[in-house]
*Asks:* 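Here it is, the structure, as C-alpha cells.
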Protein chains: 2
Amino acid sequence: MPELDAIDRKILASLQADGRTTMQELADKVGLSVSPCHRRVKLLESRGVITRYTALVDQKAIGLHVSVFISIKLVRQKEEDLNRFARAISKWDEVLECYLMTGNRDYLLRVVAADLAAYEAFLKNKLTRLDGIASIESSFALSQVKYSIALPV
Amino acid sequence: MPELDAIDRKILASLQADGRTTMQELADKVGLSVSPCHRRVKLLESRGVITRYTALVDQKAIGLHVSVFISIKLVRQKEEDLNRFARAISKWDEVLECYLMTGNRDYLLRVVAADLAAYEAFLKNKLTRLDGIASIESSFALSQVKYSIALPV
DNA sequence: GTCTGCATTGGCAGATTATCCCAATCCTTC
DNA sequence: GAAGGATTGGGATAATCTGCCAATGCAGAC
C-alpha cells in the first residue's frame, strides 16, 4: 500500500470539506492539472481511502431532536457474544455510532430519535429485547457543540 | 417552513447513501423526472436541510489508529464558560464531536489521533491548558463497530 | 360538474463537467 | 549521462448539470 503524499492529503482535505467540488477546482487547489488530479481521486477511491460520498442532513430539520449516548455492558464478552451484539446494532437506523470500549463498559452507542417517546420505543422494542445485556445507561445530549466528519489529514 | 413529503425523504435517504448520485439516477429512484428532482434538491439545500456534501475517509487508511471519548467537567457552568470552551474545542481538528451533556458530566468529546503519543500531545498541549476544567476522563475505543452518517428519514 | 388559480411536473437545449487517450515531462537508478 | 518507469498536461468526447417554458394535476369556489 503506497503512502499518501502531500497532494493526496490536500485532495482528501478538500473533498472532506466539499465532496462535490469539480475536478477543475480541486486541481487548482492542490496545484495539479485536471487529469492527474482526477486519476489520484479515482485511485484513492479504489484503494478504499475514500470510502464513499454523502450528503449531510440537518438533524433538527428532519425532526430528530433527541441525541443519546448509551453505555452497555454485556453479560459475557466472548467473541460470539460481541458479534451477535454487533449484528443486531448494525440493523437499527437509530444507532449512528457504536464503539467497543476499554474500561468497565463494553459498548458506547450514539442514538438519535424524534423525541423522548420515540427513544423510549427504541429502548423497549429493540435494545432491551436483546439477550445477553447486563446493563444499559443512557446519557442525553443537550446540544451538539461540534460535529465534524473531516478527519485531520 | 414547509414539511418534507415522502419524495423529499426518499431524496434525502438516497443522497445520504450516495452524495454523488446523478440527478437521473436520483430521479429514477424517487419516481420523478430530472427537472423537479433537481429543483427539490436545490430547495433542500437552500432550506438548510442538506447542509453540505462530503467525502468519507477511512480512519485507519490515513493512520489515525486511536479513538478516544473524553468526559469533561468544568469548574463553573455559566454561559460564558460554556461558550469559551466551545470556541476552543471548535478550533481543534482532533475533536470530531462534542456534546453538552445532562447528568454529572458537562461535555462528551470524540477525539482521534495517530497513536497514543499523539493523543498524549493533544492532552498536554491543548486540552489541559484550557482554563476552567475541573476534570478529564478518557475512555478508549477498541474498535468502531458502526459508524453511520445517515440519519433515519 | 365546471371553472379558475396555484403549485408541481416534464422535456428540451445550452453550458458545464467528467473521463479517457496519448504525448511530454520528471525522477530515479545504473 | 542514458534508460526505464511513473506521473503529468492537454485535448476530445461523452455524460451531466441547470434553467426555461409549456403542460399537467389538484384544490377550492360557484
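Order of the sequence lines fixes the chain letters, A, B, ..., with proteins taken first and strands second; residue numbering starts at 1 for each chain.
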*Asks:* Report yes if some heavy atom in the side chain of B:Ile11 is under 4.5 Å from a heavy atom in the side chain of B:Ile7; otherwise report no.
*Replies:*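 Side chain of B:Ile11 against side chain of B:Ile7, heavy atoms only: contact under 4.5 Å found.
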
*Asks:* Could you tell me the separation between the CG atom of A:Asp5 and the C1' atom of C:dC27, rounded to a whole number of Å?
*Replies:*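 In whole Å, C:dC27 C1' and A:Asp5 CG are 14 Å from each other.
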
*Asks:* Closest approach to the side chain of A:Arg40, judged atom by atom: which nucleotide of D:dT18, D:dT7, C:dC12 is it?
*Replies:*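 Looking only at side-chain atoms, A:Arg40 lies closest to D:dT7.
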
*Asks:* Rounded to the nearest Å, what distance is computed from the CG atom of residue A:Leu4 to the C1' atom of nucleotide D:dT7?
*Replies:*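 Going from CG in A:Leu4 over to C1' in D:dT7 covers 16 Å.
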
*Asks:* Quick one: the side chain of B:Ser33 and the base of C:dG11, do they pair up donor-acceptor inside 3.5 Å?
*Replies:*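 Flag unset: no donor-acceptor pair detected.
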
*Asks:* Of the nucleotides C:dG10, C:dT9, C:dC20, which has the atom closest to the A:Ser35 side chain?
*Replies:*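 For the A:Ser35 side chain, the nearest candidate turns out to be C:dC20.
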
*Asks:* Consider only side-chain N and O atoms of B:Gln144 and B:Ser67, and report whether a donor and an acceptor are under 3.5 Å apart.
*Replies:*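 Absent: no donor and acceptor within the cut-off.
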
*Asks:* Could you give the CD-to-P distance, from B:Gln24 to D:dA14, as a whole number of Å?
*Replies:*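 About 18 Å, once rounded to whole Å.
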
*Asks:* Is there a donor in the side chain of A:Gln77 and an acceptor in the side chain of A:Asp81, or the other way round, less than 3.5 Å apart?
*Replies:*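 Side-chain D/A pair, A:Gln77 to A:Asp81: absent.
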
*Asks:* Rounded to whole angstroms, how far apart are CG on A:Asp8 and P on D:dT7?
*Replies:*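 Interatomic distance, CG of A:Asp8 to P of D:dT7: 10 Å.
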
*Asks:* Are side-chain N/O atoms of A:Ser139 and B:Tyr99 paired as donor and acceptor at under 3.5 Å?
*Replies:*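 No - no donor-acceptor pair under 3.5 Å links their side chains.
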
*Asks:* Let's see if you can work this out: which of C:dT9, C:dA18, C:dT19 has an atom nearest to the side-chain heavy atoms of A:Thr22?
*Replies:*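 Among the listed nucleotides, the one closest to the side chain of A:Thr22 is C:dA18.
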
*Asks:* Shared ILVMFWY cluster between A:Val153 and B:Val111, side chains joined below 4.5 angstrom?
*Replies:*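 In one cluster with A:Val153: B:Val111, no.
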
*Asks:* Roughly, in whole Å, what's the span from CG in A:Leu26 to P in D:dT8?
*Replies:*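 Distance check: A:Leu26 CG to D:dT8 P gives 13 Å.
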
*Asks:* Heavy-atom nearest nucleotide on DNA chain D for A:Pro36 versus A:Arg20: which residue maps closer to 5'?
*Replies:*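 It is A:Pro36 whose nearest nucleotide is closer to the 5' end.
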
*Asks:* What is the distance, to the nearest angstrom, from the NE2 atom on B:His38 to the P atom on C:dC12?
*Replies:*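 Computing the B:His38:NE2 to C:dC12:P distance gives 18 Å.
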
*Asks:* Select one nucleotide: of C:dT19, C:dT9, D:dG19, the one nearest the side-chain heavy atoms of B:Arg39.
*Replies:*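 In terms of side-chain proximity for B:Arg39, the closest of C:dT19, C:dT9, D:dG19 is C:dT9.
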
*Asks:* To the nearest Å, give me how far apart CG (B:Leu32) and P (C:dT9) are.
*Replies:*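 For the pair B:Leu32 CG and C:dT9 P, the rounded distance is 5 Å.
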
*Asks:* Grab the CG-P distance between B:Leu43 and C:dA7 for me, whole Å please.
*Replies:*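 The answer, rounded to whole Å, is 13 Å.
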
